[in-house]
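For reference, the structure is listed below as structure tokens.
When reading the values below, keep in mind they use all heavy atoms of this one structure, side chains included, and skip hydrogens, waters and symmetry mates. Numbers restart at 1 for each chain; the letters A, B, ... are given by sequence-line order, proteins then strands.
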Number of protein chains: 2
Amino acid sequence: MTDQPPVSPRKRLTASKTPRPKGAARVPSASAQDRRLRMIESKRASILQAALELFSRFGLHGTSLDQVATQADVSKTNLLYYFGNKEELYTNVLRQLLEVWLQPLQAFSVEQDPVEAIRDYLRVKLELSRDHPAESRLFCMEIMQGAPLLLGELQQPLHDLVENKVAVIQTWIDAGKLAPIAPHHLIFSLWATTQHYADFRVQVEAVAGKTLDDPAFFEETLKSLQALILDGVRPR
Amino acid sequence: MTDQPPVSPRKRLTASKTPRPKGAARVPSASAQDRRLRMIESKRASILQAALELFSRFGLHGTSLDQVATQADVSKTNLLYYFGNKEELYTNVLRQLLEVWLQPLQAFSVEQDPVEAIRDYLRVKLELSRDHPAESRLFCMEIMQGAPLLLGELQQPLHDLVENKVAVIQTWIDAGKLAPIAPHHLIFSLWATTQHYADFRVQVEAVAGKTLDDPAFFEETLKSLQALILDGVRPR
DNA sequence: GTCTATAATATGATAGAC
DNA sequence: GTCTATCATATTATAGAC
């Protein structure tokens, strides 16, 4: 049915843990501790990365821990040592995602020229769609399913952030620097148009034959969106 | 984890099948046949409807046949009598979805005034987002997951349809009736901005406090999108 | 921290009576 | 066509050795 990732046998390159020679000190040195911590962190990170990619493609229920473990090159039991259960893994992926996701909007500020601010924002968001499509997809999926996990911790900060930027946009409009558009809808349109190229990538590819990975198509897309949002399609 | 639909015991209102009295004719009359066929069709339809709603919220793997059966008020075994297996049910839901989905774009034609055509298209698509959010979500999910099932039968007709409309838009541009925008990106933006209000409904509600079900918000949204797409935000 | 079982469960699907 | 079992399997999660 839904395209499933192959569960290939995990490559066993088990990073040769050079065993401690008999009689050597049991208490690890500070640098050894550091190495160990770095190792643990990098393992957690690779599990999270694998989980992000799989969850964003096949959904929470469409992805098994076995598949995540295989892609992260650890055993399933080992994965469950790092993340107590599937839900904990999933929420950790979401939490990490949010940091990347709410970043770009922060930049909007009254001091900027609105035309430049919108131009820049479109570029940054389109770069996110190109470079972090998995994050875009998972965010979309989670929101579509009612954001059962994100909503609680997302709603308030998102609402506040957006209200803040709505005020900025309104200031621009009042100053005559921007046409009188309802600020919320401008923000939604900026999100929708840019994220579309990540979330509907296969449709874009089916229709246009290209994706944002093609540099020329990226520039063409950016210019088109900037022109559309700034000047519309009605001839002047 | 992901918000799950409650598996409540199905209401057993088993539509009192008045049993045929002994000795009555075994061969059903034409009208009885009709009634039977209508009954079967309405049962199939209610199963498909339940499946659409659940699949669009929780995904294929996040929805069990038990949940679909419960929501459609049939037994799981009975459901499997109508649809041989889960995949068959899912593909039937998708096939039905496509009919609704590709309809509106057909309308675009060279004879129209482009400004009116775009106005109308935005309205129709926004009405779809309001009245058929489940279809919008499921389409989005399927495309995001790579459209493993849709792609085969969607790619060619979608590509042809879009190419046709791209030509229409190009004609308008060449006639000076529309600003010179890359037609593909205009189409993507029309899709993205309108579908956003269905697929990101909970985010829209979290941020703006309203949904398209609110008539005033619907009109405000429509006017905003029409103004944005037609004239942009740069003051004239 | 990592492994090999293995328990516990959910769920898709079938058999066979009526 | 609809029902009551029941099977078969996938998958989450744990126990316990090393």
Side-chain angles (χ1 to χ4, degrees), chain A residues 1-2 4-7 9-10 12-20 26 28 32-33 35-44 46-47 51 54-55 58-70 72-91, chain B residues 1-2 4-7 9-10 12-20 22 26 28 32-33 35-44 46-47 51 54-55 58-91:
Chain A
M1 159 81 0
T2 299
Q4 288 284 6
V7 182
R10 146 169 93 106
R12 303 299 270 83
L13 299 170
T14 320
S16 50
K17 263 199 297 185
T18 41
R20 170 173 54 84
R26 279 179 180 283
Q33 282 261 24
R35 235 195 335 261
R36 189 174 142 278
L37 282 174
R38 271 201 309 279
M39 218 277 256
I40 290 178
E41 259 321 297
S42 104
K43 201 155 191 175
R44 277 185 59 98
S46 79
I47 292 171
L54 289 166
F55 287 153
F58 310 104
L60 171 64
H61 303 286
T63 305
S64 71
L65 290 179
D66 232 336
Q67 292 163 348
V68 177
T70 298
D73 195 29
V74 301
S75 70
K76 188 173 59 168
T77 356
N78 197 210
L79 186 159
L80 283 165
Y81 171 80
Y82 285 92
F83 299 92
N85 54 46
K86 197 181 187 181
E87 173 164 338
E88 193 183 324
L89 173 60
Y90 188 69
T91 55
Chain B
M1 160 81 358
T2 299
Q4 288 283 7
V7 182
R10 145 169 93 105
R12 302 300 268 85
L13 301 169
T14 319
S16 49
K17 262 199 298 184
T18 43
R20 171 173 55 83
K22 288 180 195 298
R26 280 180 179 284
Q33 281 261 23
R35 234 191 343 257
R36 188 174 143 277
L37 282 175
R38 273 201 307 277
M39 217 278 256
I40 290 178
E41 258 321 295
S42 104
K43 201 156 191 175
R44 277 184 60 98
S46 81
I47 292 172
L54 289 167
F55 286 153
F58 309 104
L60 170 64
H61 303 286
T63 305
S64 71
L65 290 179
D66 234 336
Q67 292 163 347
V68 176
T70 298
Q71 177 140 336
D73 196 30
V74 299
S75 70
K76 187 173 64 166
T77 356
N78 197 209
L79 186 158
L80 283 165
Y81 171 79
Y82 285 92
F83 299 91
N85 54 48
K86 198 181 187 182
E87 173 164 338
E88 193 183 323
L89 173 61
Y90 188 70
T91 54

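For B:Asn85 and C:dT11, the CG to P distance is 17 Å, given to the nearest whole Å. When the C1' atom of D:dT11 is taken as reference, atom CG of A:Leu60 falls 13 Å away, rounded to whole Å. A straight line from CD1 of B:Ile40 to C1' of D:dG1 spans 8 Å, rounded to a whole angstrom. The separation between A:Phe83 atom CZ and D:dT14 atom C1' is 19 Å, rounded to whole Å. The separation between A:Tyr90 atom OH and D:dT12 atom P is 14 Å, rounded to whole Å. With rounding to whole Å, A:Leu79 atom CG is found 15 Å from C:dG1 atom P. The CD-P distance, from B:Glu88 to C:dA13, rounds to 10 Å in whole Å. In this structure, A:Leu65 atom CG and D:dA13 atom P are separated by 6 Å, rounded to whole Å.
Distance NZ/B:Lys86 to CG/B:Leu60: 5.0 Å, rounded to 0.5 Å. Atom-to-atom distance recorded for B:Arg36:CZ and B:Met39:CE is 9.0 Å, nearest 0.5 angstrom.
With hydrogens and angles disregarded, no donor-acceptor distance shorter than 3.5 Å links the side chain of B:Lys76 to the backbone of B:Ser64. The backbone N or O of A:Glu88 lies less than 3.5 Å from a partner atom in the side chain of A:Thr91, making a donor-acceptor pair.
Taking the side chain of B:Tyr82 as heavy atoms from C-beta on, and the options D:dG1, D:dT12, C:dT14, the nearest nucleotide is D:dG1. Side chain of B:Lys43, nearest nucleotide from C:dG12, C:dG1, D:dT2: D:dT2. Distances were taken from every side-chain heavy atom of B:Lys86 (C-beta onward) to each of D:dT2, C:dA13, D:dA13; the shortest belongs to C:dA13.
A:Leu80 comes within contact range of at least one nucleobase, with a heavy-atom separation under 4.0 Å.
The shortest distance between the side-chain N/O atoms of B:Tyr81 and the OP1/OP2 oxygens of D:dT2 is not below 4.0 Å. Distances shown here put a side-chain N or O of A:Asn78 below 4.0 Å from the OP1 or OP2 atom of C:dT2.
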Self-check item: Heavy-atom protein contacts under 4.0 Å, nucleotides 4-9 of chain C, coded B base, S sugar-phosphate only, - none
Solution: B-----
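Of the residues listed (B:Thr70, B:Leu80, B:Asn85), the one engaging B:Leu65 in a side-chain contact (heavy atoms from CB on, under 4.5 Å) is B:Leu80, and it is the only one.
Of all the heavy atoms in A:Ala72 and A:Ile47, the pair that sits closest is CB-CA, 3.8 Å. Taking both residues in full, the closest heavy atoms of A:Arg44 and A:Phe83 are given as NH2-CE2, 3.5 Å, listed atom of the first, atom of the second, then distance.
In the helix from C:dG1-D:dC18 to C:dC18-D:dG1, the rotation axis of the first five pairs and that of the last five pairs differ in direction by 0°, rounded to 10 degrees.
A search for side-chain contact (heavy atoms from CB on, under 4.5 Å) contacts involving A:Asn78 returns A:Lys43, A:Val74, A:Ser75, A:Tyr81, A:Tyr82, not counting sequence neighbours.
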